Amino acid sequence: AGHMALRGITVVELAGLAPVPFCGMVLADFGAQVVRVDRPGTRSDSSRLARGKRSLVVDLKRPRGVAVLRRLCARADVMLEPFRPGVMEQLQLGPEILQKENPRLIYARLSGFGQSGRFSKVAGHDINYLALSGVLSRSGRSGENPYAPLNLLADFGGGGLMCTLGIIMALFERTRSGKGQVIDASMVEGTAYLSSFLWKTQETGLWEQPRGQNLLDGGAHFYTTYRTADGGFMAVGAIEPQFYELLIKGLGLKSDELPNQMSIKDWPEMKKKFADIFAKKTKAEWCQIFDGTDACVTPVLTFEEVAHHGHNKDRGSFITDTEQRVSPRPAPLLSNTPALPSTKRDPFVGEHTEEILKELGFSQKEIIQLKLDNIIEIHKLRVNL
């Protein structure tokens, strides 16, 4: 970890659902030391985004537990919290208190609706934030209800990643001012910001048809997916005329016998024509025809296939941990200080409680007392004999 971009940066992550753990994992992948603070009674980490982190269990509902966290934050660079607005203040862990004790602390608050506004105190999930951002209304097939593309856009794009960006900016700004700041990351706003292109291109006619009938939302026969003979799928994205020409050639068609590529009224008919042709060969056969060409035709790879695909193997885009689990390598690649993600197993909840308290200067006697009083939990390695 000596030469990673975030070496020497310490992060305190309060355990939460997917978005905050992802943010913490990205920071850890790029060299930050991340301590996840778990609640007592937690058996396991449901989000599984714990690579490279350590785990401390402390009861924040008790004043002595709060005191432990304040000691941790007094020497941290970043605090990352996932709660609804007001919860941290009730615990006496709000930014005013923590930044008075540590003015350099960057206090990142990642929530669905943000720290203010009439929805800020209510529950929600990715699909709700996506809905409120306006993006969900544009996503889905023609004539069907809008549909959410998994829980990726709001949780991880507009949420976790946007929050990570805020933290990096605040760390950079701190090199000038010497002061931390509070980051109010709203998943609704992060997702909306991610969709700026949709807003900025409204006058261009790119989105004037109903949902699912436009160039980039599944309306065009040259920008969609097709089923193959063996039940696989190919993705087609041949927008430019020179790429479209190569697509037509590969499908064994002649462009002078077809309607104009941009004739919207002919798109549904052309989709049927393309579907019939794609259904006649297997995914592998289509790959043989289109691989290495500029036709913008690629196989829709399953999770089982993706790590074995030639291009991904060329670059080592997927990594395997010590438990033989495959996952994507951190991106982007930095030439001098690349991310070196931990290959160790994820921490058990409370595995590092004792180690972290010792680093904070607690004596063995104090640690034993905190454990007896159920302020902390220590879960050492489970040994299978």
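The structure presented is a predicted model; accordingly, all values stated were derived computationally and were not measured.
Note: the hydrophobic cluster containing Leu357 also contains Val12 (ILVMFWY, side chain heavy atoms under 4.5 Å, direct or indirect links). Residues Phe348 and Ile376 are members of separate hydrophobic clusters, defined by side-chain heavy-atom contacts under 4.5 angstrom among Ile, Leu, Val, Met, Phe, Trp and Tyr. Connection of Val236 to Tyr223 is established within a shared hydrophobic cluster, with ILVMFWY side chains joined at heavy-atom distances below 4.5 Å, either directly or through further cluster members. Transitive grouping of hydrophobic side chains (ILVMFWY, heavy atoms separated by less than 4.5 Å) brings Ile106 and Leu161 into a common cluster. Taken together through direct or relayed side-chain contacts under 4.5 Å among Ile, Leu, Val, Met, Phe, Trp and Tyr, Met4 and Leu27 form parts of separate hydrophobic clusters.
A 6.0 Å sphere centred on CD of Gln288 holds no more than 12 heavy atoms belonging to other residues, nucleotides or ligands. For CZ of Arg141, the number of neighbouring non-hydrogen atoms (other residues, nucleotides, ligands) closer than 6.0 Å is 12 at most. Heavy-atom neighbours of Phe362 CZ from other residues, nucleotides or ligands within 6.0 Å: above the threshold of 12. Enclosure of atom CZ in Phe243 by more than 12 non-hydrogen atoms of other residues, nucleotides or ligands within 6.0 angstrom is indicated. Within a 6.0 Å sphere centred on CG of Leu253, heavy atoms belonging to other residues, nucleotides or ligands number more than 12. In this structure, Glu366 places its CD atom where more than 12 heavy-atom neighbours from other residues, nucleotides or ligands lie under 6.0 Å away. Annotation: Leu17, atom CG; neighbour count of heavy atoms from other residues, nucleotides and ligands within 6.0 Å does not exceed 12.
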Give the intermediate values and the outcome of ring-ring contact (aromatic ring centres under 6.0 Å, His included) for residues Phe233 and Tyr226. CA-CA 5 Å; Phe233 296 90; Tyr226 292 99; 9.8 Å; no
List the steps and the verdict of salt bridge (charged side-chain N to carboxylate O under 4.0 Å, His left out) for Asp77 and Arg174. CA-CA 10 Å; Asp77 295 290; Arg174 194 181 71 173; 2.9 Å; yes
Pair Arg64, Asp373 - check salt bridge (charged side-chain N to carboxylate O under 4.0 Å, His left out), show working. CA-CA 10 Å; Arg64 284 158 68 205; Asp373 297 340; 2.8 Å; yes
Applying salt bridge (charged side-chain N to carboxylate O under 4.0 Å, His left out) to Glu377 and Lys371, what does each step give before you reach the verdict? CA-CA 6 Å; Glu377 286 178 10; Lys371 187 168 161 36; over 6 Å; no
Checking Glu189 against Ser133 for the side-chain hydrogen bond (donor to acceptor under 3.5 Å, both in side chains) test, could you report, in this order, the C-alpha distance in whole Å, the side-chain angles of both residues, the deciding distance, and whether it holds? CA-CA 7 Å; Glu189 289 167 359; Ser133 74; over 6 Å; no
Before you tell me yes or no, could you show the steps for Glu359 and Arg54 under salt bridge (charged side-chain N to carboxylate O under 4.0 Å, His left out), namely the whole-Å CA-CA distance, both residues' side-chain angles and the distance that decides it to 0.1 Å? CA-CA 13 Å; Glu359 286 168 19; Arg54 294 190 294 168; 2.8 Å; yes
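Going from atom CZ of Arg109 over to atom CG of Asp184 covers 8.0 Å, rounded to the nearest 0.5 Å. Put simply, SG on Cys23 and CE on Met162 are 12.0 Å apart, with the number rounded to the nearest 0.5 Å. Expressed to the nearest 0.5 Å, how far NZ of Lys281 lies from CG of Leu251 amounts to 8.5 Å. In this structure, Thr343 OG1 and Glu323 CD are separated by 10.5 Å, a value rounded to the nearest 0.5 Å. To the nearest 0.5 angstrom, Glu285 atom CD is 11.0 Å from Met234 atom CE. Distance check, rounded to the nearest 0.5 Å: CG of Leu110 to CD1 of Ile183 gives 10.0 Å.
Judged by distance alone, with hydrogens and angles left aside, the side-chain atoms of Asn102 form a donor-acceptor pair with the main-chain N or O of Cys73 at under 3.5 Å. A side-chain donor-acceptor contact under 3.5 Å links Trp286 to the backbone of Phe278. The main-chain N or O of Pro210 is found under 3.5 Å from a side-chain atom of Asn214 such that the two form a donor-acceptor pair.
No side-chain N or O of Gln33 forms a donor-acceptor pair with one of Thr10 less than 3.5 Å apart. Counted by atom type alone, Asp38 and Ser55 present one or more donor-acceptor pairs between their side chains at under 3.5 Å. Side-chain atoms of Gln115 and Ser120 include no donor-acceptor pair closer than 3.5 Å. Under the 3.5 Å distance criterion, with hydrogens and angles disregarded, a donor-acceptor pair is assigned to the side chains of Lys358 and Gln364. Remark: the Arg7 side chain and the Thr337 side chain contain no N/O donor-acceptor pair separated by less than 3.5 Å. Between the side chains of His352 and Glu354, no donor N or O sits under 3.5 Å from an acceptor N or O. Of the N and O atoms on the side chains of Asp266 and Ser263, at least one donor lies less than 3.5 Å from an acceptor on the other residue.
In summary, Lys53 and Glu351 do not engage in a salt bridge, as defined by a charged side-chain N under 4.0 Å from a carboxylate O.
Taking the six-membered ring for Trp and the full ring otherwise, His221 and Tyr244 have centroids separated by under 6.0 Å. Side-chain rings of Trp267 and Phe222 approach one another, their centers coming within less than 6.0 Å.
None of Glu89, Met88, Arg70 except one satisfies the side chain to side chain contact (heavy atoms under 4.5 Å, CB included) rule with Ile97; the exception is Arg70. With Asp45 as the partner, the salt bridge (charged side-chain N to carboxylate O under 4.0 Å, His left out) test is satisfied by one option alone out of Arg39, Arg345, Arg36, Arg51: Arg36.
In this structure the side chain of Phe83 never reaches within 4.5 angstrom of the side chain of Ser111, judged on heavy atoms.
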